[in-house]
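Written below as structure tokens is the structure these notes are about.
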Amino acid sequence: MNEELLRELVPAVIGILRRRGVDFAAAEDAVQDALVEAIRTWPTKPPRDPRGWLVTVAWRRHLDAVRSEGARQEREAQVEAEPAPAPDTVPDSDDTLQLYFLCAHPSLTPASAVALTLRAVGGLTTRQIAEAYLVPEATMAQRISRAKRTLAGRRLDQPGEVHTVLRVLYLIFNEGYSGQIDVAAEAIRLTRRLHRGTDHPEVAGLLALMLLHHARRPARFTAEGALVPLREQDRRRWDTAAIRTGIQVLQAALAQDRLGEFQAQAAIAALHADAPTVEETDWVQIVEWYDELVALTDSPIARLNRAVAVGEAEGPRAGLAALAPLEQSLPRYEAAAAYLHERAGDAEIAARLYGQAARAATNQAEHDHLRRQAARLTTAARTE
């Protein structure tokens with residue numbers, strides 16, 4: 001059974017049920033029931049029209065749910081008597097776009113928006129999402145139910161805010177992967193789908209950014225799971241096809257001359273990916289792109305990353321000078337300062353800062369890497 005095809009069909013089927021008067025929560029529940037039935041029966045009895053099959057089964061599941069309430073007989077009769085609209089009256093891309101905007105509604109928390117997007121747009125089951133995020137299935141089910149209650153009765157009469165959708169997709173991508181579902185790959189798939197449905201340069205910018213980051217994934221960890229910093233990665237293990245695609249998507253976006261933050265981030269990632277060796281990295285141009293990113297976002301994190309890039313382009317002392325005005329409470333501030341101090345020859349200061357950064361790290365692989373860096377410098381100082 002082609003599970004990817006099954007998930008691709010979900011937004012269109014939800015859209016068809018909504019146009020038949022079913023509210024979003026009920027439509028989504030009915031489609032999930034249809035997906036479970038498809039997973040059970042399709043391997044032995046594949047349908048000739050997969051989408052039509054899902055629509056029929058989901059519609060029946062919805063009617064069954066209406067009947068089970070028992071107190072809405074008149075409404076049920078009206079619903080059953082209403083002629084079903086043709087499934088092709090609205091393009092699938094329109095249904096999908098509406099679901100993106102609905103699932104990324106600003107009234108939802110980021111965690112709820114992510115979960116609902118993976119279910120309604122991605123077609124994943126609650127169990128799959130729970131496994132990917134390492135939480136109990138009941139916890140994820142409650143999160144999704146709360147999100148659907150929050151959205152109850154909301155209509156999409158006006159276009160949604162694309163940047164909200166992009167931030168939700170980027171949140172999904174940055175979770176990486178765990179369990180049987182590769183969440184990063186799922187985020188790329190969903191962003192590709194959004195890219196097909198809208199000609200927005202920032203959508204293309206996010207897709208390019210994801211592809212370029214994902215291309216480096218095979219070299220990002222050792223066989224034992226230890227983190228490998230960018231400058232130490234074996235670039236022969238990078239996915240060159242994904243890099244080429246990412247650069248092509250980015251170039252098409254930049255040609256529209258509507259620069260946004262995801263395009264700027266993708267341009268930085270492209271410069272890293274395009275360098276045959278770390279020594280050949282065009283750090284001067286990377287600093288220029290960070291200048292663009294800071295101008296667009298005024299993000300302290302962008303300023304911190306810019307300081308590290310300045311340290312590579314102009315020397316570690318210049319990087320430390322660029323880092324000095326920033327708040328020391330910023331995430332990864334100590335790690336950036338430690339790296340620049342080590343490059344400047346301040347091994348004792350660097351070791352102390354690496355230790356502080358390790359204690360503040362929330363990711364286990366990052367914590368272990370920073371702790372090893374601190375231990376390495378401490379050991380070297382003792383042997384001198």
Side-chain angles (χ1 to χ4, degrees), residues 170-171 174-176 209 213 216-217 219-222 224-235 261 264-265 268-269 271-273 275 277-294 297-384:
Y170 200 36
L171 279 174
N174 283 328
E175 287 295 330
L209 178 62
H213 278 324
R216 301 202 300 261
R217 183 165 126 180
R220 195 167 288 144
F221 296 92
T222 66
E224 295 75 27
L227 181 67
V228 181
L230 174 61
R231 66 181 300 108
E232 298 174 18
Q233 289 175 13
D234 181 355
R235 299 182 179 221
E261 61 178 293
Q265 290 185 62
I268 293 166
L271 287 166
H272 284 298
T277 65
V278 66
E279 292 78 16
E280 295 173 86
T281 305
D282 189 346
W283 287 106
V284 172
Q285 196 172 351
I286 287 175
V287 171
E288 291 174 356
W289 274 111
Y290 270 121
D291 289 337
E292 295 281 1
L293 184 59
V294 168
T297 66
D298 196 29
S299 163
I301 299 298
R303 291 182 185 276
L304 183 140
N305 290 332
R306 178 188 178 278
V308 175
V310 168
E312 300 286 3
E314 303 175 21
R317 296 297 177 192
L320 287 167
L323 191 66
L326 302 180
E327 291 286 339
Q328 296 187 16
S329 59
L330 276 175
R332 296 187 173 89
Y333 178 94
E334 289 93 348
Y339 173 75
L340 291 170
H341 274 292
E342 181 183 0
R343 294 288 308 280
D346 308 326
E348 185 176 345
I349 297 174
R352 175 173 54 79
L353 288 169
Y354 275 130
Q356 293 176 5
R359 288 190 290 274
T362 56
N363 177 280
Q364 187 62 48
E366 186 177 347
H367 166 83
D368 293 344
H369 168 72
L370 293 168
R371 186 171 51 80
R372 285 193 298 270
Q373 296 293 86
R376 173 180 57 81
L377 290 177
T378 301
T379 302
R382 288 173 179 169
T383 56
E384 288 181 355

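Throughout, residue positions are numbered sequentially from 1 according to the sequence presented. When reading the values below, keep in mind they use all heavy atoms of this one structure, side chains included, and skip hydrogens, waters and symmetry mates.
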Hey, could you give me the [atom1]/[atom2] distance between [X] and [Y], rounded to the nearest 0.5 Å?
X: Leu293; Y: Asn305; atom1: CG; atom2: CG; value: 8.5 Å
X: Leu353; Y: Gln328; atom1: CG; atom2: CD; value: 8.5 Å
X: Arg216; Y: Leu230; atom1: CZ; atom2: CG; value: 5.0 Å
X: Arg306; Y: Ser299; atom1: CZ; atom2: OG; value: 13.0 Å

For [X] and [Y], which heavy atoms make the closest approach, and how far apart are they?
X: Ala307; Y: Leu323; answer: CB-N, 3.7 Å
X: Ala374; Y: Gly355; answer: CB-N, 3.7 Å
X: Trp289; Y: Ala264; answer: CE3-CA, 4.0 Å
X: Leu304; Y: Ala336; answer: CD2-CB, 3.9 Å
X: Leu271; Y: Ile286; answer: CD1-CG1, 3.6 Å
X: Ala365; Y: Gly225; answer: CB-O, 4.3 Å

According to side-chain contact (heavy atoms from CB on, under 4.5 Å), who are the partners of [X], at least two apart in sequence or on a separate chain?
X: Gln364; result: His367, Asp368
X: Glu312; result: Arg231, Trp283, Tyr339, Arg343
X: Pro229; result: Glu232, His369
X: Asp298; result: Arg303

With the side chain counted from C-beta on, respond yes when [X] and [Y] share a heavy-atom pair under 4.5 Å apart, and no when they do not.
X: Tyr333; Y: Leu326; value: yes
X: Ile301; Y: Pro331; value: yes
X: His213; Y: Gln265; value: no
X: Thr378; Y: Tyr354; value: no

Are the side chain of Arg220 and the backbone N or O of Gln233 linked by a donor-acceptor pair below 3.5 Å? no

Check: Val278 main-chain N/O paired with Thr281 side-chain donor or acceptor under 3.5 Å: yes

Hey, could you give me each pair passing salt bridge (Lys or Arg N to Asp or Glu O under 4.0 Å) that has a residue in residues 279-288? Not counting sequence neighbours.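 Checked against salt bridge (Lys or Arg N to Asp or Glu O under 4.0 Å) - neighbours excluded - no pair reaches residues 279-288.
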
For residues 346-363, which residue pairs pass the salt bridge (Lys or Arg N to Asp or Glu O under 4.0 Å) check, not counting sequence neighbours?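 Output for this query lists Arg317-Asp346.
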
Determine, for Arg371 against Glu366, whether the closest basic-nitrogen to carboxylate-oxygen distance falls under 4.0 angstrom. no

